[in-house]
Amino acid sequence: MLLYATTDRSGRSASAANTGVVGTLPGRGRAETAIGAGGLSRRRLLQSAGAIAGGAMLAPVWAGCGSDDAPSTATAASGSPETTRLKAGIIKFADTIPFWVAEQQGLFRDAGLDSVQGVEMVGGTAIQPAIQSGQLQIGWASVPSVIAAKAQNFDFRFFAGGSALGPDSYANQSMLVREDSPLRSIRDLPGHKVGVNTLGNIAELEVRWSLDAAGLDPDSVELVELNAIGPDQLPPLIQGRIDALQVNEPTVTAALRDGGVRTISDWSFMDPQDVFVAGWVSTGEWLDANPNAATAFADAMEAAARWIAANERAANALISEKTGVPEDLVNAMVSSEIHIPVTEADLQPLAEACHRYGLSEAEVPAADIVWQPPAA
């Protein structure tokens with residue numbers, strides 16, 4: 001079930017149904033979340049940007065519409081996009097379903113964009129440097145990776161919504177233990193080894209934050225960086241090399257189906273707050289220079305979210321087609337929410353937590369990582 005929530009510019013929930021949920025996809029559905037730039041230093045980002053500028057790391061896999069030539073830029077007139085061709089860094093997982101819907105349904109063209117080319121990349125460690133180098137205009141990134149980059153004086157800003165977890169979707173990111181484990185809850189975790197895909201990102205943040213919320217020392221566990229995603233994270237847990245595993249959908253549901261594991265924790269310690277975890281970003285410089293193009297992309301994302309709410313089965317089928325996740329698993333997974341737009345209020349809790357738990361070197365105000373279109 002993929003939820004579609006909206007907020008007004010003040011951060012208050014809003015929807016046509018006055019519930020914060022406009023529509024749902026069948027089942028519980030969505031896939032791996034926010035593989036971002038964990039621990040991305042300024043030097044690493046600059047080195048990666050240099051490699052990309054030399055032609056490495058970019059792998060276009062589809063185009064929105066029109067040709068895939070370099071983006072064209074022109075002076076905007078009467079609110080028309082300053083550029084009508086964009087390259088967007090995307091990750092092949094279900095959170096980017098609005099992009100695929102906009103591509104399939106012609107919503108980019110409806111918004112005034114002639115070509116939006118999706119460039120499939122492995123995560124924020126590739127996407128953010130590609131944006132910084134100018135090889136991409138926009139891309140998908142996690143909140144911790146953007147905050148860490150901002151602390152290193154890189155100016156990435158969220159502008160077109162993204163994914164959030166709320167009371168109906170906290171279990172999208174859960175902690176697994178073996179079925180025979182003595183660990184029964186987060187309170188049993190201190191002194192044990194916990195596996196995460198990468199350090200310095202959303203998985204580490206959730207582990208430390210959940211410990212703190214339970215009144216425990218957030219540094220009382222040993223985090224083990226697995227440098228793996230999806231089912232490749234499971235063997236260390238099954239083999240006993242780690243005691244618990246912080247993991248995302250669809251791996252959570254797939255592992256529970258296969259048996260031998262159970263969950264002991266998720267984001268429910270945040271109840272009833274929503275947790276904005278990842279979304280669309282660009283540099284502040286590009287956004288300020290191209291406000292109409294940025295707004296056009298955001299409009300296409302919102303139109304896609306409305307289409308998803310009204311076409312549940314087709315949307316889940318498209319997720320399966322694009323990600324390779326079996327459709328029955330897409331239907332069964334715990335979903336994230338499509339959260340549009342993103343506001344300072346959405347980002348402030350994670351901005352504070354990233355500094356509190358050592359994921360960013362400096363405290364980054366939420367206002368410094370969000371962009372709003374200029375007032376009409």
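Side-chain atoms of Glu249 come within 3.5 Å of backbone atoms of Thr253 as a donor-acceptor pair (strictly under, hydrogens ignored). With Asp114 contributing its side chain and Arg85 its backbone, the two residues share no donor-acceptor pair below 3.5 Å. Judged purely by atom type and a 3.5 angstrom limit, Glu204 uses its side chain to pair as donor or acceptor with the backbone of Gly200. No donor-acceptor pair under 3.5 Å is formed between the side chain of Asp258 and the backbone N or O of Ala255. Looking at Arg208, its side chain never comes within 3.5 Å of a backbone N or O of Arg356 through a donor-acceptor pair. Listed for the Gln137 side chain is a donor-acceptor partner under 3.5 Å among the backbone atoms of Lys87. The closest donor-acceptor contact from the side chain of Ser163 to the backbone of Ala278 lies at 3.5 Å or more, if one exists at all. Looking only at distances, no side-chain donor or acceptor of His355 sits under 3.5 Å from a matching main-chain atom of Ala353. A donor-acceptor distance shorter than 3.5 angstrom exists from the side chain of Asp243 to the backbone of Lys193, with no hydrogens or angles considered. Between the Glu337 side chain and the Ala164 main chain, no donor and acceptor come within less than 3.5 Å of each other.
Annotation: salt bridge (Lys or Arg N to Asp or Glu O under 4.0 Å) contacts involving residues 287-301, sequence neighbours excluded, are absent. Listed by first and then second residue, the salt bridge (Lys or Arg N to Asp or Glu O under 4.0 Å) pairs involving residues 181-191 amount to none (not counting sequence neighbours).
For the pair Phe276/Phe158, a side-chain contact is recorded, criterion being any heavy-atom separation below 4.5 Å from C-beta on. Annotation: side chain of Met175 is in contact with side chain of Leu189 (closest heavy-atom distance under 4.5 Å). Annotation: side chain of Ile186 is in contact with side chain of Leu211 (closest heavy-atom distance under 4.5 Å). Within the 4.5 Å cutoff, the side chain of Leu136 has heavy atoms near those of the Ile131 side chain. Contact check for Val364 versus Cys354: no side-chain heavy atoms found under the 4.5 Å cut-off. For the pair Glu361 and Gln152, the minimum side-chain heavy-atom distance is below 4.5 Å. Side-chain contact between Ile340 and Trp280 is absent, with no heavy atoms from C-beta onward closer than 4.5 Å. For the pair Ser174/Ile264, no side-chain contact is recorded, criterion being any heavy-atom separation below 4.5 Å from C-beta on.
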Can Val221 and Leu216 be said to form a side-chain contact (heavy atoms from CB on, under 4.5 Å), step by step? CA-CA 10 Å; Val221 298; Leu216 303 168; over 6 Å; no

Hey, mind stepping through Leu234 and Leu176 against side-chain contact (heavy atoms from CB on, under 4.5 Å) and telling me if it holds? CA-CA 9 Å; Leu234 290 169; Leu176 298 178; 4.0 Å; yes

Evaluate the side-chain contact (heavy atoms from CB on, under 4.5 Å) criterion for residues Gln104 and Lys322: first the C-alpha distance (whole Å), next the side-chain angles of each, then the deciding distance (0.1 Å), finally the verdict. CA-CA 12 Å; Gln104 182 191 70; Lys322 293 295 187 179; over 6 Å; no

Check step by step if side-chain contact (heavy atoms from CB on, under 4.5 Å) holds for Lys92 and Ile90. CA-CA 7 Å; Lys92 192 170 72 171; Ile90 62 172; over 6 Å; no

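By the 30° and 60° cut-offs, the orientation of the rings of Tyr357 relative to Trp209 is tilted. The aromatic rings of Phe108 and Phe297 sit parallel, their planes meeting at an angle under 30°, below the 60° perpendicular limit.
For Glu285, the side chain to side chain contact (heavy atoms under 4.5 Å, CB included) partners are Thr283, not counting sequence neighbours.
Here the closest heavy-atom approach between residue Gln246 and residue Gln233 is recorded as O-OE1, 3.9 Å. Among all heavy-atom pairs drawn from Thr263 and Val252, the shortest one is CG2-CG1, 4.4 Å. Considering all non-hydrogen atoms of both residues, Asp217 and Asp219 come closest at OD1-N, 2.9 Å.
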